[in-house]
Amino acid sequence: MTMTSAAARIGRVNEDFTGAVPTAAVLVDGAGIPGGDSTCRHGVAWYAGRLGGSLLTLVSLVRDRGLPALLAEAIEQVTDDHRDTCDVADPISPSAAVAVLRLSGGLIEYLVLGDAVLVLDRADGPPLVVSDPREVIISRSYEPMLKAAAAGSDEYHRILRDLRAHRNQPGGFWVAKDDPRAADEAITGTCPISELNGAVLLSNGASRIVDPFQLADWPGVMAVLASSGPADIIHRVRQAETRHAVAADDATITYCTGLGQA
């Protein structure tokens, strides 16, 4: 496995987490909004790291339970870790998107919750892209209103609160936060290891290479990964962010090959 992670800018804490063991990989893309420090004294990076560490331990050691059950347990663990000191239920307290890959016998098990992306590089077909589009669909419906409002204004924050009200609600979008039941809404599946050349987990900041920047399609991304590795993907994203004057985001990639040899 090859892992690369870059903070959005120098001097800013990276709010992504990734980790791997020989049989599993976990990526957590932490999320927060302005004012979140008032609800959680630990912060988004702490939440992402604690959730990722708990989940990686569970998926590597507890082999007889499915990935949604293990994610639910990890969410419960990290919530309990700061329930007595922080307002974990507040809508602006830290949350995260999650992607998980685990080898189980002759199968790859996978899970995606939120706007992280997991791609399985199939030997005899196009890549299988596993994503959860619900947050993107809902967020895009708010983009015109956010653009029309002055950044940082009361109206801007009101619109953000309305958007966040869809989080972890029926008909809305789902992320890891304080409610372990969100794990039941994750996108999951399996694939025979024999059908795969490799796999990659990407945070939202790294998957920008395909959407919205359209610098490559997913077969092209897999080709770049095979030839020059994850750092080149993040470098291309950073260049596009500069060209388009788009605020940079934390970008993290875990690239897995030789799956049948684990």
Side-chain angles (χ1 to χ4, degrees), residues 6-9 12-16 27-40 43-45 47-48 90-99 112-119 129-177 179 182 185-187 201-218 220-221 233-234 236-253:
R9 59 183 181 274
R12 183 184 185 276
V13 174
N14 190 335
E15 295 174 343
D16 288 351
L27 185 148
V28 177
D29 183 350
I33 62 175
D37 291 347
S38 65
T39 67
C40 176
V44 175
Y47 180 85
D90 191 287
I92 64 173
S93 65
S95 63
V98 180
V112 171
L113 180 69
D115 61 3
V117 178
L118 188 151
V119 184
V129 181
V130 184
S131 63
D132 181 351
R134 289 171 289 189
E135 182 174 0
V136 172
I137 291 170
I138 291 172
S139 296
R140 283 178 177 168
S141 70
Y142 281 81
E143 284 180 0
M145 291 182 288
L146 287 170
K147 289 180 179 178
S153 66
D154 289 345
E155 176 66 7
Y156 186 88
H157 288 297
R158 183 194 67 77
I159 296 167
L160 277 181
R161 286 195 298 271
D162 288 347
L163 170 59
R164 294 286 174 173
H166 292 279
R167 185 174 56 186
N168 289 3
Q169 297 292 329
F173 60 91
W174 300 84
V175 295
K177 191 175 176 291
D179 188 349
E185 299 293 331
I187 309 300
L201 295 73
L202 307 96
S203 68
N204 177 259
S207 67
R208 286 177 166 186
I209 191 167
V210 173
D211 185 10
F213 293 138
Q214 299 182 350
L215 301 177
D217 57 13
W218 287 113
V221 168
I233 297 291
I234 294 177
R236 296 183 190 202
V237 169
R238 291 288 183 255
Q239 289 182 320
E241 288 166 342
T242 299
R243 281 197 306 273
H244 296 282
V246 172
D249 191 9
D250 300 331
T252 301
I253 299 173

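Values reported hereafter were calculated over all heavy atoms of this structure, with side chains retained and with hydrogens, waters and symmetry mates removed. Numbers for residues simply follow the sequence, beginning at 1.
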Item to complete: With sequence neighbours left out, write down each residue that passes ring-ring contact (aromatic ring centres under 6.0 Å, His included) with Tyr156, or none if nothing qualifies.
Response: none

Nearest atoms (heavy-atom pairs only) where [X] meets [Y]:
X      : Y      : answer
Ala149 : Glu155 : CB-CG, 4.0 Å
Gly114 : Asp132 : O-CB, 3.2 Å
Met145 : Ile159 : O-CD1, 3.5 Å
Val44  : Gly30  : CG1-C, 3.5 Å
Val175 : Leu113 : C-CD2, 3.6 Å
Ala251 : Ala206 : CB-N, 3.9 Å

To the nearest 0.5 angstrom, please state how far the [atom1] atom of [X] sits from the [atom2] atom of [Y].
X      : Y      : atom1 : atom2 : answer
Leu27  : Leu118 : CG    : CG    : 9.0 Å
Asp29  : Thr252 : CG    : OG1   : 7.0 Å
His157 : Leu146 : NE2   : CG    : 10.5 Å
Leu215 : Arg236 : CG    : CZ    : 8.0 Å
Ser131 : Asp115 : OG    : CG    : 10.0 Å
Ile234 : Gln239 : CD1   : CD    : 13.0 Å

Worksheet item: Applying side-chain hydrogen bond (donor to acceptor under 3.5 Å, both in side chains), which residue pairs with at least one partner in residues 206-215 are found, sequence neighbours left out?
Response: Arg140-Asp211, Arg208-Glu241

Worksheet item: Passes side-chain contact (heavy atoms from CB on, under 4.5 Å), Tyr47 versus Val28? Steps please.
Response: CA-CA 9 Å; Tyr47 180 85; Val28 177; 5.7 Å; no

Worksheet item: Stepwise, does the side-chain contact (heavy atoms from CB on, under 4.5 Å) test hold for Val119 with Leu202?
Response: CA-CA 8 Å; Val119 184; Leu202 307 96; 4.2 Å; yes

Do [X] and [Y] come within less than 4.5 Å of each other through their side chains, counting heavy atoms only?
X      : Y      : result
Ser93  : Lys177 : yes
Leu163 : Ile138 : yes
Leu201 : Ile253 : no

[X]: side-chain contact (heavy atoms from CB on, under 4.5 Å) partners, not counting sequence neighbours:
X      : answer
Thr242 : none
Asp162 : Tyr142, Arg158
Ala216 : Val221
Glu185 : Arg134, Trp174

Going by the rule side-chain hydrogen bond (donor to acceptor under 3.5 Å, both in side chains), which residues pair with [X] if we only count those two or more places apart in sequence or in a different chain?
X      : answer
Asp179 : Arg181
Ser203 : Asp16
Glu143 : none
Asn14  : Ser5

Worksheet item: Taking the side chain from Ser153 and the backbone from Ala150, do they hold a donor-acceptor pair closer than 3.5 Å?
Response: yes

Worksheet item: So, for His166 and Phe173, is the gap between ring centers shorter than 6.0 Å?
Response: no

Worksheet item: Does Arg9 have any salt bridge (charged side-chain N to carboxylate O under 4.0 Å, His left out) partners at least two apart in sequence or in another chain, and if so, which?
Response: none

